[in-house]
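Following: one structure in structure tokens, then a few remarks.
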Protein chains: 2
Amino acid sequence: MTTEPIRVLVVDDDFRVARLHASYVEATDGFAVVGTAHTAADALRMAADLGPDLVLLDEYLPDTNGSEILRSLGSAVLMVSAAEDSQVVRQALAAGAVNYVLKPFPPSVLIERLVAFARFWNLLGAGAHLDQTGVDRALQALRMADSPVATARKGRSPVTSEAIVEVLRAAPDAVTAVDVAEATGVSRATAQRYLSDLARDGHVRLTLRYGTTGRPEHCFEWLGG
Amino acid sequence: MTTEPIRVLVVDDDFRVARLHASYVEATDGFAVVGTAHTAADALRMAADLGPDLVLLDEYLPDTNGSEILRSLGSAVLMVSAAEDSQVVRQALAAGAVNYVLKPFPPSVLIERLVAFARFWNLLGAGAHLDQTGVDRALQALRMADSPVATARKGRSPVTSEAIVEVLRAAPDAVTAVDVAEATGVSRATAQRYLSDLARDGHVRLTLRYGTTGRPEHCFEWLGG
DNA sequence: GTGGCGTTGTGTGCGTTGTGCTCATGAGCC
DNA sequence: GGCTCATGAGCACAACGCACACAACGCCAC
């Protein structure tokens, strides 16, 4: 699992912010910061010199906008910006940013997305032949962090969500809704509500237990993240 | 909800394939084909002239590779390619392709992803301010079509259907209902229910094995798609 | 050759069991 | 004190396995 680290170039006009982001990257398993830039010109030069796998790019730079140089960097780009205008976001994502993080953000938001990117990167790094399913799995891994587990979805409580995820993490293998209900103390119906959310967002793998008569029971397995 | 259509440029070296893909695009609500190109040079020129919102790009072009011009097109790119090498796929996705469809594919695969792209596009087109949740929702919409939800028929489970298709894909040649039942864990009756559905919809080829006494056994062979 | 018979796998009604939805209730938050 | 919102109970139905009727072959006697 431990292949060579993903080489990251951090770009932000504010050198303190850049240092902060770099520290987040360094703190994430499988990542290494290879450089830091504060202007678009520097970013382009360093990207060409260092050939990073990923660039953390700010939208607001002193010489030009981040989205202007996005295509010229020659590597994957994760936008980190305070630009909330949807046109700007759409432009950046259409131009090829793999993700878009709005400043300010807690460290976990960036780290989770880095982890997701790493999983995506490694899934496609095996060098083997792929089918459509393999491509889709990789893309889904990339999007896994986009719906945080402690989500603020309608009718769902972050506390309960956290408790259920904790049970799934601790479980050695697949568990049923009833197992989760008993372990957390919530009712079966509530456990199923949260578990089906997690399955829909791809955080857990859903399998069915056959063999007994009656409708098959759902088994949930945590997929990390 | 019906804003102006998404303008698409179709690029494929084979003009028949390009025409086919263009017909898929035209058949999808909210999309309009603004041009067709067969070489990388043409694609670049037409992209600059027409300013499409989305480019359907083939990897294999007579003058250069699709991923080479991916960054220079100035619009969102959906890769349509037969290149199964994971390095190529990773390169293209890192360079900014919003999706990657492996040829050959049934029309539904492309159309579903186009619809997903339209949802993504419109979610970010409102022009309003966004928060992180809004960005994530848009990205999630883009990935919605990537998990092929197999069946919506009454009394059939998508999960079971997926499991059975997986066995059929993995099988080197034709398998019987009992083989599928043992491999997945479902009963023979259930396996036969799903297999006969697949056969009726034309996803598997059904052959009969004679020679032994008794009723001939059905053998199922995956047909791709 | 042909019709009856045994054999083997297929298809379907039925009971069973778990899921997901709706609605009313109790816990927080102004 | 009214409001929202997550939870639990109850219920409709979804999706299995089981068992049996039936279908489609090979075999053999005539």
Side-chain angles (χ1 to χ4, degrees), chain A residues 147-168 171 174-201 203-221, chain B residues 133 149-168 171 173-201 203-221:
Chain A
S147 56
V149 285
T151 180
R153 177 183 267 117
K154 225 41 173 170
R156 301 296 131 92
S157 144
V159 189
T160 308
S161 184
E162 200 59 43
I164 287 182
V165 168
E166 201 51 47
V167 171
L168 285 166
V175 292
T176 69
V178 183
D179 294 338
V180 175
E182 283 175 358
T184 56
V186 302
S187 74
R188 176 205 57 86
T190 300
Q192 268 170 349
R193 274 196 270 258
Y194 285 85
L195 287 169
S196 87
D197 285 351
L198 290 170
R200 198 165 53 81
D201 294 348
H203 290 109
V204 297
R205 180 170 45 216
L206 170 61
T207 53
L208 297 181
R209 180 185 305 174
Y210 307 101
T212 69
T213 95
R215 181 168 174 161
E217 197 169 12
H218 292 192
C219 294
F220 302 90
E221 193 177 356
Chain B
T133 313
V149 55
T151 175
R153 183 181 254 107
K154 279 303 181 209
R156 302 294 136 91
S157 151
V159 183
T160 305
S161 185
E162 200 68 36
I164 287 184
V165 168
E166 198 56 42
V167 170
L168 285 167
D173 37 37
V175 291
T176 69
V178 182
D179 294 338
V180 174
E182 282 176 0
T184 57
V186 303
S187 73
R188 176 204 56 86
T190 299
Q192 267 170 349
R193 275 196 264 258
Y194 282 88
L195 287 168
S196 87
D197 286 352
L198 289 170
R200 192 150 51 87
D201 297 347
H203 293 115
V204 297
R205 180 169 48 214
L206 171 59
T207 54
L208 270 52
R209 177 156 61 197
Y210 306 98
T212 70
T213 108
R215 180 167 174 164
E217 199 168 13
H218 292 189
C219 292
F220 302 90
E221 195 176 355

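Predicted model, so just to flag it, every value in this text is computed and none were measured. First the proteins, then the strands, lettered A, B, ... as listed; each starts at 1.
- Contact annotation: side chain of B:Arg188 to base of C:dG11, donor-acceptor pair present below 3.5 Å.
- For the pair B:Val159/A:His218, no side-chain contact is recorded, criterion being any heavy-atom separation below 4.5 Å from C-beta on.
- Atom CD of B:Glu217 is separated from atom P of C:dT8 by 12 Å (rounded to the nearest Å).
- A:Gln192 comes within 4.0 angstrom of a nucleotide base, judged by non-hydrogen atoms across all strands.
- Place B:Thr212 and B:Arg215 on DNA chain D by their nearest nucleotides, and B:Arg215 ends up nearer the 5' end.
- Proximity of A:Thr190 to the phosphate of D:dT7: no side-chain N or O atom is located under 4.0 Å from OP1 or OP2.
- Taken to the nearest 0.5 Å, the CZ atom of A:Arg188 stands 9.5 Å off from the CZ atom of A:Arg193.
- The distance from the CG atom of A:Leu206 to the CG atom of A:Leu195 is 9.5 Å, given to the nearest 0.5 Å.
- D:dA14 atom P lies 5 Å from atom NZ of B:Lys154, rounded to whole Å.
- Checked against D:dT7, C:dT19, C:dT17, the side chain of A:Thr160 finds its nearest nucleotide in D:dT7.
- Of the side-chain N and O atoms in B:Tyr194, none sit less than 4.0 angstrom from OP1 or OP2 of D:dA15.
- Evaluation of atom-type donor-acceptor distances gives no pair under 3.5 Å for the side chain of A:Arg209 against the base of C:dG18.
- When heavy atoms are screened at a 4.0 angstrom cut-off, A:Val186 is found touching the sugar-phosphate backbone but no base atom.
- At the phosphate of D:dA15, neither OP1 nor OP2 sits under 4.0 Å from any side-chain N or O atom of A:Tyr210.
- Taking atom CG of A:Asp197 as the reference point, atom P of C:dG20 lies 10 Å away to the nearest angstrom.
- Between the CG atom of A:Asp179 and the P atom of C:dT19 there is a distance of 10 Å, given to the nearest Å.
- Between A:Arg200 atom CZ and C:dG20 atom C1' the separation is 13 Å, expressed in whole Å.
- Set against D:dG17, C:dG20, C:dG11, the side chain of A:Ser196 has C:dG20 as its closest nucleotide.
- Within 4.0 Å (heavy atoms only), B:Thr176 reaches no atom of the nucleic acid at all.
- Residue A:Ser187 has a polar side-chain atom (N or O) positioned under 4.0 Å from OP1 or OP2 of D:dG8.
- DNA chain C is contacted by both B:Arg193 and B:Cys219; B:Cys219 maps to the nucleotide lying nearer its 5′ end (nearest heavy atom per residue).
- Spacing between atom CZ of B:Phe220 and atom C1' of C:dG11 amounts to 12 Å, rounded to whole angstrom units.
- Between the P atom of D:dG8 and the CD atom of A:Glu182 lies a distance of 14 Å, rounded to the nearest Å.
- Closest to the side chain of A:Ala189, out of D:dC16, C:dG9, C:dC21, is C:dC21.
- Minimum heavy-atom separation, B:Gln192 to B:Ala177: CG-CB, 3.5 Å.
- The distance from atom CG of A:Leu208 to atom P of C:dT17 is 17 Å, rounded to the nearest whole Å.
- A:Ser187 pairs by the side chain to side chain contact (heavy atoms under 4.5 Å, CB included) definition with A:Ala189, A:Thr190, not counting sequence neighbours.
- Proximity of a side-chain donor or acceptor of A:Tyr194 to a complementary backbone N or O of A:Glu162 within less than 3.5 Å is not detected.
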